[in-house]
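Just follow the structure's listing: the first ligand is 1, and inside any ligand the first atom is 1. Nothing fancy with the numbering, it's 1 onward along the sequence.
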Amino acid sequence: MSQQLFSLEGRSALVTGSSRGLGKAIAQGLGEAGAALVINGVDPQRCEATAAELRSLGFKATALAFDVTDEASVVAAIEKLDADGIEVDILVNNAGIQLRKPMIELTSAEWHKVIDTNLTSAFLVAREVAKRMLPRGRGKIVNIGSLMSGLARPSIAPYTAAKGGIKLLTQSMTAEWAPHGIQTNAIGPGYMLTDMNQALIDNKEFNDWVIGRTPARRWGDAKDLVGAAVFLSSSASDYVSGQIIYVDGGMAAVV
Ligand code: NDP
């Protein structure tokens with residue numbers, strides 16, 4: 001009975017940046033819970049390949065490549081879903097990039113690129129999707145924040161500013177859309193084993209620091225995010241709004 005609360009049968013989920021990495025694992029997890037998937041990324045071939053791979057595993061998956069930072073492309077993409085008869089019940093704003101550089105050397109173009117990709121994108125895609133969810137009176141939005149939604153480190157200032165912004169954007173979406181039946185929450189992953197972190201994983205000193213600093217004594221795996229993603233996408237979280245769940249092996253809780 002309580003398992004039914006976590007079922008996503010009959011729902012459609014758009015996961016941005018799901019052609020690879022954490023987004024792909026989240027999409028597959030939502031698919032395992034029953035959702036039909038819309039796979040996104042910038043590279044159309046990678047999106048199509050991931051959607052085909054998921055279909056071969058028995059999931060319903062379509063590819064929808066668009067740049068989440070380009071307002072006109074976002075608007076056109078959601079209109080394409082309308083034309084295809086796909087109503088987005090679940091939106092996961094996951095697309096993101098990292099850029100490591102001392103702030104003193106950072107150009108304003110680099111600053112804007114990171115803010116646009118990690119923060120403005122979540123506003124743009126959610127605004128278009130929420131326009132459709134609001135009249136239906138239901139919907140789930142999950143924004144992917146980070147450990148850096150609440151903590152800082154040297155060399156990643158725009159990323160940290162963007163991810164901190166995600167936490168309060170999630171609260172703003174709650175303030176405006178929760179009264180209309182839309183629950184918006186965030187997930188804050190810790191240090192995860194993905195392409196984005198390959199240089200850090202290969203750096204012995206950094207790798208030792210992550211393992212020593214994380215109470216769970218390991219990096220996270222993409223699959224570690226699935227439980228929180230399914231919870232926040234399902235009826236099990238119908239009275240949960242505006243929260244960020246850190247999936248970080250306990251790192252944010254401990255100095
Ligand atoms: P990856 O670099 O592995 O994958 C990024 C994904 O985002 C790809 O699918 C990529 O598409 C897509 N993407 C990038 N820019 C755009 C864009 N402008 N428009 C559409 N899609 C885009 O990243 P991760 O899986 O590591 O990260 C996913 C999310 O998780 C990010 O928001 C990141 O900040 C967050 N996160 C990651 C952590 C980690 O340890 N890895 C920790 C905390 C948070 P394409 O394949 O076409 O390039």
Check your understanding: Can you check whether Y159 and W111 have ring centres sitting under 6.0 Å from each other?
Key -> no
Check your understanding: Does K113 NZ have over 12 foreign heavy atoms under 6.0 Å away?
Key -> no
Practice item. Report the nearest protein non-hydrogen atom to atom 13 (N) of ligand 1: residue, atom name, distance rounded to 0.1 Å. Key: A95 CB, 4.0 Å
Exercise for review: Using a strict cut-off of 4.0 Å, indicate which atoms of ligand 1 neighbour a heavy atom of T194.
Suggested key: 26 (O), 39 (C), 41 (N)
Review point. So does E128 pair up with K131, basic N to acidic O under 4.0 Å?
Key: yes
**Study point:** Carboxylate-amine/guanidinium proximity below 4.0 Å for R46 and E53
**Key:** no
Study note, to complete from the structure: Counting from 1 in the order shown, the ligand 1 atoms closer than 4.0 Å to a non-hydrogen atom of S19 are 8 (C), 9 (O), 11 (O), 45 (P), 46 (O)
Point to revise | Test log, rule side chain to side chain contact (heavy atoms under 4.5 Å, CB included), inputs L119 and I166 | key: CA-CA 6 Å; L119 178 59; I166 282 286; 4.1 Å; yes
Practice item. Give a yes-or-no answer on whether the side chains of N143 and T170 include a donor-acceptor pair shorter than 3.5 Å. Key: yes
Point to revise | Protein contact of atom 5 (C) of ligand 1 - nearest heavy atom, named by residue and atom, plus distance | key: G96 O, 3.9 Å
Point to revise | Contact atoms of ligand 1, heavy-atom distance to G145 under 4.0 Å | key: 44 (C)
Practice item. Kindly check if the number of other-residue, nucleotide or ligand heavy atoms within 6.0 Å of CD (Q198) is above 12? Key: yes
Study note, to complete from the structure: Within 4.0 Å of some non-hydrogen atom of F66, the atoms of ligand 1 are 19 (N), 20 (C)
Review point. Is a side-chain donor or acceptor of T117 paired with a backbone partner of V114 at a separation under 3.5 angstrom?
Key: no
Exercise for review: Would you please determine whether N197 falls within less than 4.0 Å of ligand 1 on a heavy-atom basis?
Suggested key: yes
Check your understanding: Is R132 paired with E87 through a side-chain N to carboxylate O contact shorter than 4.0 Å?
Key -> no
Exercise for review: Considering heavy atoms of the protein only, find what lies nearest to atom 43 (C) of ligand 1 and give residue, atom and distance to 0.1 Å.
Suggested key: P189 O, 3.3 Å
Point to revise | Test item: side-chain donor near acceptor, K140 and S237, under 3.5 Å | key: yes
**Study point:** For atom 36 (N) of ligand 1, closest protein heavy-atom neighbour
**Key:** Y159 OH, 3.5 Å
Point to revise | Test item: S18 side-chain N/O and N40 main-chain N/O as donor-acceptor pair under 3.5 Å | key: yes
Point to revise | Under 3.5 Å donor-acceptor, D248 side chain and A252 backbone | key: yes
Review point. What protein heavy atom is closest to atom 18 (N) of ligand 1, reported as residue, atom name and distance in Å?
Key: D67 OD1, 2.9 Å
Check your understanding: S149 side chain to K163 main-chain N or O, any donor-acceptor pair under 3.5 Å?
Key -> yes
Point to revise | Any N/O pair V42/ligand 1 closer than 3.5 Å | key: yes
Study note, to complete from the structure: For I144, the ligand 1 atoms with a heavy-atom partner under 4.0 Å come out as 30 (O), 35 (C)
Exercise for review: Could you pull out, from L147, D70, N94, the option with a heavy atom nearest to atom 32 (O) of ligand 1?
Suggested key: N94
Exercise for review: State whether the shortest distance between N or O atoms of G41 and N or O atoms of ligand 1 falls below 3.5 angstrom.
Suggested key: no
Check your understanding: Looking at ligand 1, does any of its N/O atoms fall within less than 3.5 Å of an N/O of S146?
Key -> no
Practice item. Please confirm whether G17 comes within less than 3.5 Å of ligand 1 when only nitrogen or oxygen atoms on both sides are compared. Key: yes
Check your understanding: Any idea which atoms of ligand 1 are less than 4.0 Å away from a heavy-atom of G190?
Key -> 40 (O), 42 (C), 43 (C)
Check your understanding: Of M192, K24, R46, which has the heavy atom at the shortest distance from atom 45 (P) of ligand 1?
Key -> R46
Practice item. Compute the minimum heavy-atom distance from G188 to ligand 1 and say whether it is under 4.0 Å. Key: no
**Study point:** Any W219 heavy atom less than 4.0 Å from ligand 1
**Key:** no
Check your understanding: Counting N and O atoms only, with roles assigned by atom type, does the side chain of N118 sit under 3.5 Å from a partner on the main chain of A162, one being a donor and the other an acceptor?
Key -> no
Check your understanding: So which heavy atom in the protein is nearest atom 37 (C) of ligand 1, and how far is it from that ligand atom?
Key -> L22 CD1, 3.5 Å
Review point. For ligand 1, which atoms, with element, lie under 4.0 Å from some heavy atom of G21?
Key: 3 (O), 25 (O)
Revision key, fill the gap. Ligand 1 to D43, heavy atom cutoff 4.0 Å, flagged ligand atoms 47 (O)
Review point. Does an N or O from D195, backbone or side chain, lie closer than 3.5 Å to an N or O of ligand 1?
Key: no
Check your understanding: N207 and W219: side-chain donor and acceptor closer than 3.5 Å?
Key -> yes
**Study point:** Test item: R218 side-chain N/O and V210 main-chain N/O as donor-acceptor pair under 3.5 Å
**Key:** no
Review point. Does ligand 1 have an atom that lies less than 4.0 angstrom from a heavy atom of K163?
Key: yes
Practice item. Check whether more than 12 heavy atoms from other residues, nucleotides or ligands sit under 6.0 Å from atom CD of Q45, and answer yes or no. Key: no
Check your understanding: Among V15, N93, T117, which residue places a heavy atom closest to atom 15 (N) of ligand 1?
Key -> T117
Practice item. Using non-hydrogen atoms of the residue, decide whether G220 is closer than 4.0 angstrom to ligand 1. Key: no
Check your understanding: So which protein heavy atom does atom 19 (N) of ligand 1 come closest to, and at what separation?
Key -> V68 N, 2.9 Å
Check your understanding: Which protein non-hydrogen atom lies closest to atom 48 (O) of ligand 1, naming both residue and atom, and how far is it?
Key -> R20 NH2, 3.0 Å
